[in-house]
Amino acid sequence: MSDSNSQSGSSVGQPKTATWGLVATVLAPAGDILRFAAYHLEKGAAQIHLYLDAACPEVMPFLQGHPKIRVTLCDDAYWTERKGRPEAHQPRQTKNATHAYYRSGKIDWLIHMDVDEFLVSDRNIADVLAPIPDDTLVARVRPMEQLSGGAGNAFKYFIPTSPERSRTVRALYPTYGPYLKGGFLSHLGGKVFVRPGQKKAQFRIHNFLQEGEVTKGIDHLMGVDLAHCHAKTWDAWYASYRYRLEKGSYRSDLGPNKSRVFGGMNLHELFTDIEAKDGKAGLRGFFDEVCADTPELRARLSQFNLLREVNLDLNATLSTHFPNWRG
């Protein structure tokens, strides 16, 4: 097992390509599920394991029978076989991802993702994965976060940990930067490609465990990014806000950006404070500074070489792989 923090070169006998797949637990409209699947089929996924967190009859005819897609409805019977349905969605995701891991067969890599995340690469993803040495079991893909309300093609890029990161984030977001981890609303941990075939293995949301220990590997797989569409518009963000505050990525048990001794607070505390002082208008002010696709934010990101423009072209890949969809 490799503990290196940077990508290594190929070893003798390493194949020139690799096969990869993904697993996702999805609770989304049928069209979004199909766009997610179609995009990654176009990117070369050999397997797509989709676990439907709730029934979606519209999507089933398009998924069932597809040679590269395996769809599982997580109904009462499914969870009864697994000793009960976890109340929180995070353990449902990790149980499903682990279940898929042991069904993934002979592919070389498997990644656990969400339906609003998309793998982006200028190269064939299989060719990026192929040179990784056989004894490296994990390769982390770092995120970039979509700017909201524009054409959907602008992303803020991941800022690696360094002494400069806090100063950069404060410059990008003058009011709220001190409370943001890396300038992101969502995760910085990204998601991990893992090699199937390991024993006593379990997925976590952002990690992979063997015998209860986090498996180390490549900390930042260069050449592949995770485009995270966390907040497509103000309306979409606000519609999800209360759930995320109570049960999701803004919940109260998550840690602050920096020690509370130095004024740190987590997003739950920050948003609660903003609402108490300024209500919904205060939240909109936060959103406009941190998330909105504005010329001003694009200019600030460009100044630090942190603006990425990517056309996911989801409707094009949808029409290619599911041409009969009329949703």
Side-chain angles (χ1 to χ4, degrees), residues 17-120 124-126 129 191-197 201-203 205 226-229 232 312-327:
T17 190
T19 54
W20 62 275
L22 66 87
V23 51
T25 297
V26 295
L27 181 63
D32 289 349
I33 297 171
L34 292 176
R35 287 180 182 86
F36 173 80
Y39 176 88
H40 289 102
L41 288 170
E42 189 71 15
K43 285 293 180 181
Q47 293 181 9
I48 296 180
H49 300 262
L50 297 176
Y51 289 75
L52 303 188
D53 204 36
C56 185
E58 287 180 276
V59 82
M60 295 301 283
F62 297 91
L63 301 179
Q64 289 178 319
H66 192 289
K68 294 184 179 180
I69 297 176
R70 190 164 190 172
V71 59
T72 301
L73 176 59
C74 300
D75 55 11
D76 290 343
Y78 172 83
W79 286 117
T80 297
E81 290 181 8
R82 282 148 196 87
K83 300 181 181 179
R85 180 181 188 270
E87 181 178 350
H89 70 273
Q90 294 92 347
R92 296 201 300 274
Q93 289 177 303
T94 57
K95 283 180 177 291
N96 291 338
T98 301
H99 182 250
Y101 179 82
Y102 287 106
R103 305 167 83 198
S104 56
K106 295 184 179 180
I107 60 171
D108 298 301
W109 295 96
L110 181 71
I111 187 170
H112 167 243
M113 300 170 59
D114 291 332
V115 74
D116 62 352
E117 296 173 332
F118 300 89
L119 294 171
V120 172
N124 188 317
I125 292 172
L129 295 169
K191 298 296 173 68
V192 291
F193 277 106
V194 303
R195 289 196 186 273
Q202 294 178 308
F203 265 105
I205 300 296
L226 188 78
H228 191 182
C229 304
K232 295 179 182 179
L312 297 176
D313 213 7
L314 299 179
N315 287 328
T317 52
L318 174 66
S319 63
T320 297
H321 291 275
F322 301 106
N324 295 325
W325 170 251
R326 295 292 181 266

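- A donor-acceptor pair under 3.5 Å is absent between the side-chain atoms of Thr98 and the main chain of Lys95, judged by distance alone.
- A donor-acceptor contact shorter than 3.5 Å links the side chain of Asn124 to the backbone of Ala126.
- Under the side-chain hydrogen bond (donor to acceptor under 3.5 Å, both in side chains) criterion, the residue pairs touching residues 52-71 are Asp53-Arg92, with sequence neighbours excluded.
- Atoms CG and CG, from Leu73 and Asp75 in turn, are 4.5 Å apart once rounded to the nearest 0.5 Å.
- The side-chain hydrogen bond (donor to acceptor under 3.5 Å, both in side chains) pairs that include a residue from residues 27-37 are Arg35-Asn315, where partners are two or more places apart or lie in different chains.
- Tyr78 contributes no side-chain N or O that, together with a main-chain N or O of Arg85, makes up a donor-acceptor pair within less than 3.5 Å.
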Inset, instruction - I would like to know whether Phe62 and Ile33 meet side-chain contact (heavy atoms from CB on, under 4.5 Å); could you show each step before the answer? - result: CA-CA 10 Å; Phe62 297 91; Ile33 297 171; over 6 Å; no
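- In this structure a side-chain-to-backbone donor-acceptor pair under 3.5 Å is missing from Gln90 to Ile205.
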Inset, instruction - Give the C-alpha distance, both sets of side-chain angles, the deciding distance and a yes or no for side-chain contact (heavy atoms from CB on, under 4.5 Å) between Leu63 and Ile48. - result: CA-CA 10 Å; Leu63 301 179; Ile48 296 180; over 6 Å; no
Inset, instruction - Just do the side-chain contact (heavy atoms from CB on, under 4.5 Å) check on Leu226 and Met113 with the steps written out, would you? - result: CA-CA 9 Å; Leu226 188 78; Met113 300 170 59; 3.8 Å; yes
Under 3.5 Å, which donor-acceptor pairs link side chains of residues 320-327 to any protein atom two or more places apart or in another chain?
{"from": "Thr320", "atom 1": "OG1", "to": "Ala316", "atom 2": "O", "distance (Å)": "3.0"}
{"from": "His321", "atom 1": "NE2", "to": "Glu42", "atom 2": "OE1", "distance (Å)": "2.7"}
{"from": "Arg326", "atom 1": "NH1", "to": "Pro323", "atom 2": "O", "distance (Å)": "2.6"}

Do any side-chain atoms of residues 18-31 form donor-acceptor pairs under 3.5 angstrom with protein atoms, and if so which ones, sequence neighbours left out?
{"from": "Thr19", "atom 1": "OG1", "to": "Asp108", "atom 2": "N", "distance (Å)": "3.1"}
{"from": "Thr19", "atom 1": "OG1", "to": "Asp108", "atom 2": "OD2", "distance (Å)": "3.1"}
{"from": "Thr25", "atom 1": "OG1", "to": "Asn96", "atom 2": "ND2", "distance (Å)": "3.0"}

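- Scanning for ring-ring contact (aromatic ring centres under 6.0 Å, His included) contacts around His40 gives Phe36, Phe118, with sequence neighbours left out.
- When atom types are taken as modelled, the side chain of Tyr101 and the backbone of Arg195 share a donor-acceptor pair closer than 3.5 angstrom.
- By the side-chain hydrogen bond (donor to acceptor under 3.5 Å, both in side chains) test, Glu117 pairs with His187, Lys191, sequence neighbours left out.
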